[in-house]
Enquirer: 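First, the structure itself, so that you have it in front of you.
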Amino acid sequence: MQAFIYQAQSARVIFGSGTGGQLADEAARLGLKRLLILCTPGQTALAERAREWAGERAVGVFAGATMHTPVDVTERALVAVRDLHADGVVSIGGGSTIGLGKAIALRTDLPQIVLPTTYAGSEMTPILGETKDGRKTTQRSPKILPETVIYDVDLSRSLSPRISALSAFNAIAHAVEALYAPDTNPVISLMAEEGIRTLVATLPRLIEFPDDPAIRSGMLYGAWLCSCCLGSTTMGLHHKLCHTLGGAFDLPHAETHTVVLPYVMEFNAPAIPDAMARLSAAMNTGDPVNSLLALGRLCRVPAALKDIGMPEEGIGRAVRQLLENPYVNPRPLDAAVLTELLERAWSGAGSRTSG
Ligand code: NAD
């Protein structure tokens, strides 16, 4: 056994069906009396449910959350926080909404209660990615980690099969990179394997039976495990690449993760035999890269960056941005390998061994 450090995350987690109804009790537990509820413009119905659950503790709704957490949106939300004298925020929605809650918490230290409705996994991490002037920068702080996470399986039932699948690939990416992270540990590796195993096994059934509560429960359980992996380890090339592309070209987050992951896995594979063995076990396959690509085809998710809005001439700019801030990755990176990898992902070339 190699030496390791394990640091447990301090978030309180409530998991089940109908658990949203515990929102007022959880707010009381944190001593919160004036909650500002956050959502995206398209999710006001969800915010209304949270408002009902919070009862007299809800003082307002800010429905302006946007993907990639633009700083100008945070500044507008902070005005609402001050005007309403909020003493806590409730984020109900996917990573876009959760990102806004985190950005507010970073600046105000207000406690956060999160009700995640996608599988993107931001809720269990002390990480915030913010966008300003076309650049996404990421930071970690204990202030960013939500205090309480209420996983209510029922909230994810309205996610379409397509968004569910994309979000699940995003979750799988967290666990994959945790398996070879420089600060991984045995507990996180177990969570990563179990998270990948659960999502890969459940996803095909979800596409067929998207409203099945047991299947939704499995998906959310897998997503939670993958989220823990993200929050506890340092991500490598895959996450760096997706953040760079998302910030520079405003690409959709989950789609970008879905397209890029098989290419990064294939690139890193020769340098991560242990992680690939764990991936093979978790996915029940001898060929994790091609199995992942096949799962993507089954779920009909995009397979090329060109199909999700990336301009081909943007490859050079992305490579330059990636090389500006070096970071840990199992295989060394330079302009040539990054360009080739991005060209393959841009065109949707598939794996080198696909036949
Ligand atoms: P999102 O919140 O924008 O949601 C994706 C889509 O799902 C949207 O179209 C949304 O309207 C829809 N949706 C959400 N909940 C729904 C529901 N209950 N029913 C129907 N539709 C629903 O995006 P996301 O993929 O969840 O998260 C992406 C964002 O989160 C990005 O900004 C990313 O950077 C951030 N993120 C951050 C971390 C972190 O640790 N900091 C981790 C993962 C993702």
Side-chain angles (χ1 to χ4, degrees), residues 9 11 20 38-50 63-71 73-74 91-103 105-106 112 114-132 135-141 143-146 149 151-175 177-178 210-211 216 219-220 223-224 226-235 238-248 250-258 301 308:
Q9 299 283 16
L38 309 173
C39 66
T40 58
Q43 305 282 317
T44 48
L46 276 181
E48 279 313 312
R49 287 180 79 182
T66 311
M67 191 161 291
H68 303 310
T69 325
V71 170
V73 173
T74 302
S91 307
I92 183 161
S96 299
T97 305
I98 299 168
L100 176 60
K102 289 173 156 186
L106 179 67
Q112 307 163 68
V114 176
L115 294 99
T117 63
T118 71
Y119 307 130
S122 179
E123 63 277 1
M124 294 301 298
T125 83
I127 308 164
L128 169 65
E130 295 185 292
T131 310
K132 195 174 181 184
R135 266 185 195 249
K136 191 159 184 176
T137 49
T138 302
Q139 57 187 307
R140 279 180 182 254
S141 161
K143 283 187 191 176
I144 294 171
L145 184 71
V149 180
Y151 286 104
D152 186 337
V153 175
D154 302 345
L155 293 176
S156 57
R157 284 171 71 180
S158 56
L159 272 185
S160 68
R162 184 174 186 280
I163 294 182
S164 302
L166 289 165
S167 202
F169 280 100
N170 186 185
I172 290 168
H174 308 327
E177 289 228 292
D211 200 34
R216 283 287 176 190
M219 291 297 294
L220 200 58
W224 167 60
C226 294
S227 175
C228 295
C229 294
L230 175 67
S232 300
T233 54
T234 305
M235 296 285 109
H238 172 79
H239 281 72
K240 175 79 178 173
L241 228 168
C242 292
H243 281 206
T244 302
L245 298 178
D250 200 26
L251 301 190
H253 179 85
E255 284 87 337
T256 310
H257 275 272
T258 303
V301 290
I308 60 167

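In what follows, residues are counted from 1 in the order of the sequence shown. Both counts, for ligands and for their atoms, begin at 1 and track the order of listing. Predicted, not measured: the structure shown is a model, and the values here were computed from it.
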Enquirer: Would you say the side chain of S96 lies within less than 4.5 Å of the side chain of H253, judging by non-hydrogen atoms?
Expert: no

Enquirer: Report every pair formed by an N or O atom of ligand 1 and a protein N or O atom separated by less than 3.5 Å, giving atom names and the distance to 0.1 Å.
Expert:
from     : atom 1 : to   : atom 2 : distance (Å)
ligand 1 : 2 (O)  : G95  : N      : 3.1
ligand 1 : 2 (O)  : S96  : N      : 3.0
ligand 1 : 2 (O)  : S96  : OG     : 3.3
ligand 1 : 3 (O)  : S96  : OG     : 2.6
ligand 1 : 11 (O) : Q43  : NE2    : 3.0
ligand 1 : 15 (N) : T117 : OG1    : 2.6
ligand 1 : 18 (N) : L155 : O      : 3.0
ligand 1 : 18 (N) : S158 : OG     : 3.2
ligand 1 : 19 (N) : S158 : OG     : 2.7
ligand 1 : 26 (O) : G95  : N      : 2.8
ligand 1 : 26 (O) : T118 : OG1    : 2.7
ligand 1 : 27 (O) : G95  : N      : 3.2
ligand 1 : 30 (O) : G95  : O      : 3.4
ligand 1 : 32 (O) : H68  : N      : 2.8
ligand 1 : 34 (O) : K136 : NZ     : 2.5
ligand 1 : 34 (O) : H253 : ND1    : 3.3
ligand 1 : 40 (O) : T125 : OG1    : 2.6
ligand 1 : 41 (N) : I127 : O      : 2.8

Enquirer: Between H68 and H243, does the ring centroid distance fall short of 6.0 Å?
Expert: no

Enquirer: Quick one: does K132's side chain get under 4.5 Å of T137's, heavy atoms only?
Expert: no

Enquirer: Of all residues at least two apart in sequence or in a different chain, which pass the salt bridge (Lys or Arg N to Asp or Glu O under 4.0 Å) check with E177?
Expert: none

Enquirer: Under 3.5 Å, is there a donor-acceptor pair between the side chain of S227 and the main chain of A223?
Expert: no

Enquirer: Side chains of S122 and K102: does their closest heavy-atom pair fall under 4.5 Å?
Expert: yes

